[in-house]
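A note on names: the letters A, B, ... follow the listed sequences, proteins ahead of strands, and every chain is numbered from 1.
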2 protein chains.
Amino acid sequence: MTASRTARERVRAELTREITDIARRQLATEGAGGLSLRAVAREMGMVSSAIYRYFPSRDDLLTTLIIDGYNALGAAVERAEAAVPRDDHLGRWLAACRGVREWGVAHPHEYALIYGSPVPGYQAPQETIEARLRDVVVLGRLMTDAWQAGAVRTPEEEAPPQLEPDIAGFRELMPGVPDPVIWRALSAWTSLYGWVNFEVFGQFNNTLHDRGGAFEHSMRIAAGTIGLAQ
Amino acid sequence: MTASRTARERVRAELTREITDIARRQLATEGAGGLSLRAVAREMGMVSSAIYRYFPSRDDLLTTLIIDGYNALGAAVERAEAAVPRDDHLGRWLAACRGVREWGVAHPHEYALIYGSPVPGYQAPQETIEARLRDVVVLGRLMTDAWQAGAVRTPEEEAPPQLEPDIAGFRELMPGVPDPVIWRALSAWTSLYGWVNFEVFGQFNNTLHDRGGAFEHSMRIAAGTIGLAQ
DNA sequence: CGATCGTCAAGAGCAGTGCTCTCGTTTCTT
DNA sequence: AAGAAACGAGAGCACTGCTCTTGACGATCG
């Protein structure tokens, strides 16, 4: 049940991979709306109905691309953050931010697919949750390290008590970090993705020019909001 | 050239308005991808080709909806912020934020149209720039007032000098406000829209529950980042 | 008042889409 | 070797945006 079966399954895996590769290329050039199963089939020299042997629907193919996108972004953030010395917490934060931004501007359509408006009737969430957490896991580890090292200023305000159960998920990602700090990290997080959304989706066109520099400064401000000592 | 001509032009304006109304309703239920000229025509009892007498293309109809969306959001923000006493600068900031969020969650598809991923090959920017500034104009006035009233703490860091020409557009919106403060306002701005993007696009599903409360707290943190005295 | 000219709705049609079904063929399993 | 499962090809359905032509209505000018 191994060699012979894998003979067929190997070509199946090969073709599946080829489909997703072509689809990703189409996505990168045309955008999500321009992704066409027939065009993919045409480029493969297949007939359109044959694609359905590998993906039951167009949305299913899109879901695969979404998961791939989350993983690619997560990997980029992990790689960027890992290149900084562990005790340079501000540097780790800035590197992670840069990782998000640079991946986003390099792959705008894929970024739009995962952080933009949900394209159809939004589908298949369950399989994506694991992949989608990779970037925020990086933030959690970084915050945990910084807090344990005493490198985080405790904010003046208190966490609203009625919101205590709401951030349980985030608390697991940063064990030991007090709630007010978690809230500030979350706020900085939205600032990061708000910026990248603005830039990738073209809201900064004809406005900001040195976007890399402006982003850097903005993320330093966000680090200050978190209370990260420089 | 007045009465008789307007007789025809009146029914034309009437039909144009009816088309956009139906299109907006379809947009609200189906999303941008599900907006179909043929469906609009069907609902009006017209034949599909007749629509093209009023809108030269589907993208053109979408552009109209985008401009309407910017204006609706801008009006909502203006209304929310205007209801707060002029000298309560923190309250004005929070009200403006609430205006953005509440309009976004109430009209998710329209919000996605204007702040989400650009749907086709992004089109017609020039006519939208005026309408799209209405919300940020509110922020600018609020910041100007707060600064003149001495209600803004001057940040410790300096503005990066090489970015000085980059925020010229924002400087016009807040005359007299020093650059470091402008940068912090911009950072809070991205935090606001980052949050609303996350919420409207479903990134907070199964995570945050009391989103209104969490949003409020996050925007208070953002106000602290700006340096708005409470 | 009557001719004219622009505006309009309707219809047919083109090229493209996602998706389904059927029909032989190939490949693997037993 | 026989049966079962997987596969590619093709035709076809319902839908889309968009174009072109045709005929009718209504406003304008001689």
Side-chain angles (χ1 to χ4, degrees), chain A residues 1-20 22-23 26-27 29-66 113 118-124, chain B residues 1-20 22-23 26-27 29-66 113 118-124:
Chain A
M1 70 122 93
T2 61
S4 51
R5 179 191 229 163
T6 40
R8 173 125 82 181
E9 296 215 332
R10 198 159 16 157
V11 51
R12 181 182 179 84
E14 187 76 22
L15 283 182
T16 306
R17 185 179 152 72
E18 189 176 342
I19 292 175
T20 59
I22 295 180
Q26 278 197 12
L27 175 70
T29 60
E30 309 285 334
L35 175 63
S36 154
L37 282 188
R38 296 182 110 112
V40 172
R42 216 176 297 130
E43 192 167 333
M44 294 186 63
M46 284 173 95
V47 96
S48 72
S49 57
I51 300 281
Y52 288 83
R53 300 276 178 197
Y54 300 88
F55 290 93
S57 78
R58 193 193 102 115
D59 280 16
D60 217 88
L61 175 56
L62 261 182
T63 300
T64 299
L65 293 179
I66 291 177
L113 205 57
V119 218
Y122 36 42
Q123 76 289 19
Chain B
M1 71 123 90
T2 61
S4 48
R5 179 189 228 163
T6 38
R8 176 124 80 182
E9 296 214 332
R10 198 159 16 156
V11 51
R12 181 182 180 85
E14 187 77 21
L15 283 182
T16 306
R17 184 179 153 73
E18 188 176 344
I19 292 176
T20 59
I22 295 181
Q26 278 196 13
L27 176 71
T29 61
E30 310 285 333
L35 176 63
S36 155
L37 282 187
R38 294 181 112 111
V40 173
R42 216 176 298 130
E43 192 167 333
M44 293 185 62
M46 282 171 97
V47 95
S48 71
S49 58
I51 301 281
Y52 289 85
R53 298 271 176 197
Y54 300 89
F55 291 93
S57 77
R58 191 192 104 114
D59 280 17
D60 217 87
L61 176 55
L62 261 181
T63 300
T64 300
L65 293 179
I66 290 177
L113 205 57
V119 219
Y122 36 43
Q123 76 289 13

Exercise. Between D:dC7 atom P and A:Phe55 atom CZ, what is the distance in whole Å?
Worked result: 13 Å
Exercise. Closest to the A:Tyr52 side chain: D:dG17, C:dA9, C:dC19?
Worked result: C:dC19
For this session: To the nearest 0.5 Å, tell me how far B:Thr20 OG1 sits from B:Phe55 CZ.
Result: 5.5 Å
Exercise. How many Å lie between CG on A:Asp59 and P on C:dG18, as a whole number?
Worked result: 11 Å
Exercise. B:Leu62 CG to D:dC18 P: how many Å, rounded?
Worked result: 10 Å
Exercise. Between atom CG in B:Leu35 and atom P in D:dC15, what is the gap in whole Å?
Worked result: 17 Å
Seminar exercise, completed: Taken to the nearest 0.5 Å, the spacing of B:Thr16 OG1 from B:Glu18 CD works out to 10.0 Å
Problem set entry | Selection: residues 41-49 of chain B, any non-hydrogen atom under 4.0 Å of DNA chain D | B:Arg42, B:Ser48, B:Ser49
Exercise. For the side chain of B:Arg38 and the base of D:dG17, is some donor closer than 3.5 Å to an acceptor across the two?
Worked result: yes
For this session: Tell me whether the OP1 or OP2 atom of D:dG8 has a side-chain N or O from A:Tyr54 closer than 4.0 Å.
Result: yes
Problem set entry | Listed nucleotide nearest any side-chain atom of A:Arg53, set D:dC18, D:dG8, C:dC19 | D:dG8
Exercise. Does the side chain of B:Ile51 come within less than 4.5 Å of B:Leu61's, by heavy atoms?
Worked result: no
For this session: Would you indicate what B:Leu61 reaches in the nucleic acid, counting non-hydrogen atoms under 4.0 angstrom: base, sugar-phosphate, or nothing?
Result: nothing
Problem set entry | Candidates D:dC7, D:dG8, C:dC19 - which lies nearest the side chain of A:Arg12 | D:dC7
Exercise. Roughly how far, to the nearest 0.5 Å, is the OH atom of B:Tyr54 from the CE atom of B:Met46?
Worked result: 5.0 Å
Exercise. How long is the span from the CD atom in B:Gln26 to the CG atom in B:Leu37, to the nearest 0.5 Å?
Worked result: 9.0 Å
Exercise. Atom CG of A:Leu37 and atom C1' of C:dT20: how far apart are they, to the nearest Å?
Worked result: 14 Å
For this session: Could you pull out all residues at least two apart from B:Ala13 that satisfy side chain to side chain contact (heavy atoms under 4.5 Å, CB included)?
Result: none
Exercise. Counting only N and O atoms by type, is there a donor-acceptor contact under 3.5 Å from the side chain of B:Arg53 to the main-chain atoms of B:Arg12?
Worked result: no
Exercise. B:Leu15 near the nucleic acid: base, sugar-phosphate alone, or nothing, with a heavy-atom cut-off under 4.0 Å?
Worked result: sugar-phosphate
Seminar exercise, completed: Between A:Arg58 and A:Gly33, the two heavy atoms sitting closest are NH1-O, 4.1 Å
Exercise. To the side chain of B:Arg58, which of C:dC19, C:dT17, D:dC18 is closest?
Worked result: D:dC18
For this session: Measure the distance from CD on B:Gln26 to P on D:dC15 and round it to the nearest whole Å.
Result: 14 Å
Problem set entry | Shortest non-hydrogen contact from A:Ala32 toward A:Leu113 | CB-CD1, 3.7 Å
Seminar exercise, completed: Axis-to-axis angle for the helix from C:dC1-D:dG30 to C:dT30-D:dA1, ends of five pairs each, to 10°, equals 0°
Exercise. With a non-hydrogen cut-off below 4.0 angstrom, is A:Ile51 in contact with a base, only sugar-phosphate, or nothing?
Worked result: nothing
For this session: Compare all side-chain heavy atoms of B:Leu35 with those of B:Leu65 and state whether any distance is below 4.5 angstrom.
Result: yes
